[in-house]
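Starting from 1, each residue takes its place in the sequence as its number.
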Amino acid sequence: MTKVLIVDDQELFRDSLSIILSSTEGIEVTGSVCGVDDAMECIRGDVPDVVLMDIRMPGKDGVEGTRLIKNAKPNVKVIVLTTFDDDEYVYGALKYGASGYLLKGCSKNELVDAIIIAENGGAMINPDIATKVIRQFSEMARRNDLIDVDEMKEAQLNDSEIRIIKAVGHGLSNKEISKTLYLSEGTVRNYISSILAKLNLRDRTQLAIWAVQKGMAS
């Protein structure tokens, strides 16, 4: 059972989303709150697997919420669900470790798929804003605030690990990587965990950014 926490300042949207997800097999809505502070209280008790996070909210926004949740509970997956596709929000949420960025106009199936993909270690980004993300990552690679990886550690990567990194850089989920490289999803997860440890990177998002910097996702 996948536990989901909904964070959105619009009560009607929260209630509607809670009803939809609660009727979905395999998903349990553990909470529905109107802001980041309430969300932080929730995760100190019944820790969810996935948080659905609005972006524009009074007080702390969804970018700050993503940062706080990932710092407090790194294993909790955050999916940004919003009506806005502003570049600043897209970049900020992904930089702090969001596992997905969907517009509120997405279908129920798209949302459920995103939840499942996030829980399994993948990421799902709405096609309407995927181009923005790729452009932002490319712009990062031309600036000075790059993801820094020790050259000696990079040299220790083997061919299989490099293939996995290229796939992550292209935005593929674990399931897609397993099909492309003919590996089990468990093997892909183990590879990614090993790569993150070897390169001293925080999460999959940093790995994707680094892959773009190195030209592996071109």
Side-chain angles (χ1 to χ4, degrees), residues 1-11 13-15 17-18 20-22 26-104 106 110-126 129 133 136-137 147 168 171 173-174 189 192-193 196-197 200-209:
M1 184 71 71
T2 302
K3 298 181 182 179
V4 176
L5 171 65
I6 300 169
V7 186
D8 195 291
D9 64 319
Q10 296 180 353
E11 183 179 4
F13 181 79
R14 286 200 315 272
D15 291 347
L17 193 57
S18 181
I20 291 171
L21 292 179
S22 295
I27 292 179
E28 175 190 355
V29 177
T30 60
S32 174
V33 297
C34 64
V36 172
D37 290 337
D38 289 338
M40 296 303 295
E41 282 294 325
C42 285
I43 68 170
R44 278 192 279 267
D46 190 3
V47 181
D49 300 301
V50 178
V51 174
L52 297 180
M53 177 76 71
D54 190 19
I55 278 289
R56 290 192 179 181
M57 294 181 287
K60 298 181 180 73
D61 64 22
V63 174
E64 178 68 0
T66 299
R67 185 186 71 81
L68 291 172
I69 287 173
K70 295 299 291 184
N71 282 344
K73 303 287 184 180
N75 291 331
V76 173
K77 311 302 182 183
V78 179
I79 296 174
V80 174
L81 187 62
T82 180
T83 55
F84 302 96
D85 62 349
D86 308 63
D87 289 5
E88 177 185 354
Y89 288 129
V90 174
Y91 167 73
L94 294 176
K95 180 177 72 172
Y96 289 127
S99 297
Y101 200 108
L102 298 178
L103 300 183
K104 287 183 176 178
C106 69
E110 287 174 327
L111 179 56
V112 172
D113 285 347
I115 292 170
I116 294 171
I117 289 170
E119 188 185 16
N120 290 327
M124 185 169 178
I125 300 175
N126 188 286
I129 59 176
V133 174
Q136 287 161 355
F137 282 176
I147 300 296
V168 171
S173 67
N174 286 357
R189 283 195 296 272
I192 292 176
S193 295
L196 292 177
N200 195 29
L201 296 177
R202 184 187 65 228
D203 53 32
R204 188 190 193 97
T205 302
Q206 282 196 335
L207 181 60
I209 294 171

In Å, rounded to the nearest 0.5 Å, how long is the span from [atom1] of [X] to [atom2] of [Y]?
X: Lys3; Y: Ile43; atom1: NZ; atom2: CD1; answer: 13.0 Å
X: Ile79; Y: Leu111; atom1: CD1; atom2: CG; answer: 6.5 Å
X: Arg204; Y: Ser173; atom1: CZ; atom2: OG; answer: 7.0 Å
X: Ser22; Y: Asp15; atom1: OG; atom2: CG; answer: 10.5 Å
X: Glu64; Y: Ile55; atom1: CD; atom2: CD1; answer: 11.0 Å
X: Glu11; Y: Ser32; atom1: CD; atom2: OG; answer: 8.5 Å

ask   = Could you walk me through whether Ile115 and Leu52 pass the side chain to side chain contact (heavy atoms under 4.5 Å, CB included) check?
value = CA-CA 9 Å; Ile115 292 170; Leu52 297 180; 4.3 Å; yes
ask   = Do Ile27 and Val112 touch side chain to side chain, with heavy atoms closer than 4.5 Å?
value = yes
Can you name the nearest heavy-atom pair linking [X] to [Y], along with the distance?
X: Ala93; Y: Val80; answer: CB-CG2, 3.6 Å
X: Cys42; Y: Val33; answer: SG-CG1, 3.7 Å
X: Met40; Y: Ala72; answer: CE-CB, 3.9 Å
X: Val36; Y: Asp61; answer: CG2-O, 3.6 Å
X: Thr83; Y: Lys104; answer: CG2-CD, 3.6 Å
X: Met57; Y: Gly35; answer: SD-CA, 4.3 Å

query = Under a 4.0 Å N-O cut-off, is there an ion pair linking Arg14 with Asp9?
reply = no
request  = State whether the side chain of Asp38 and the backbone N or O of Glu41 hold a donor-acceptor pair below 3.5 Å, judged by distance alone.
outcome  = no
note = With sequence neighbours left out, the residues meeting side-chain contact (heavy atoms from CB on, under 4.5 Å) with Asp37 are Lys60
request  = Return the set of residues passing side-chain contact (heavy atoms from CB on, under 4.5 Å) with Ile20 (not counting sequence neighbours), or none when no residue passes.
outcome  = Lys108
ask   = Would Leu81 and Phe13 count as a side chain to side chain contact (heavy atoms under 4.5 Å, CB included) if you check the C-alpha gap in whole Å, the side-chain angles of each, and the deciding distance to 0.1 Å?
value = CA-CA 11 Å; Leu81 187 62; Phe13 181 79; 3.8 Å; yes
request  = Give the intermediate values and the outcome of side chain to side chain contact (heavy atoms under 4.5 Å, CB included) for residues Glu28 and Val4.
outcome  = CA-CA 6 Å; Glu28 175 190 355; Val4 176; over 6 Å; no
remark   = Exactly one of Thr2, Ile69, Val29, Thr30 clears side-chain contact (heavy atoms from CB on, under 4.5 Å) with Pro48, and that residue is Thr30
task = Given side chain to side chain contact (heavy atoms under 4.5 Å, CB included), test Val76 with Asp49 step by step and report yes or no.
result = CA-CA 5 Å; Val76 173; Asp49 300 301; over 6 Å; no
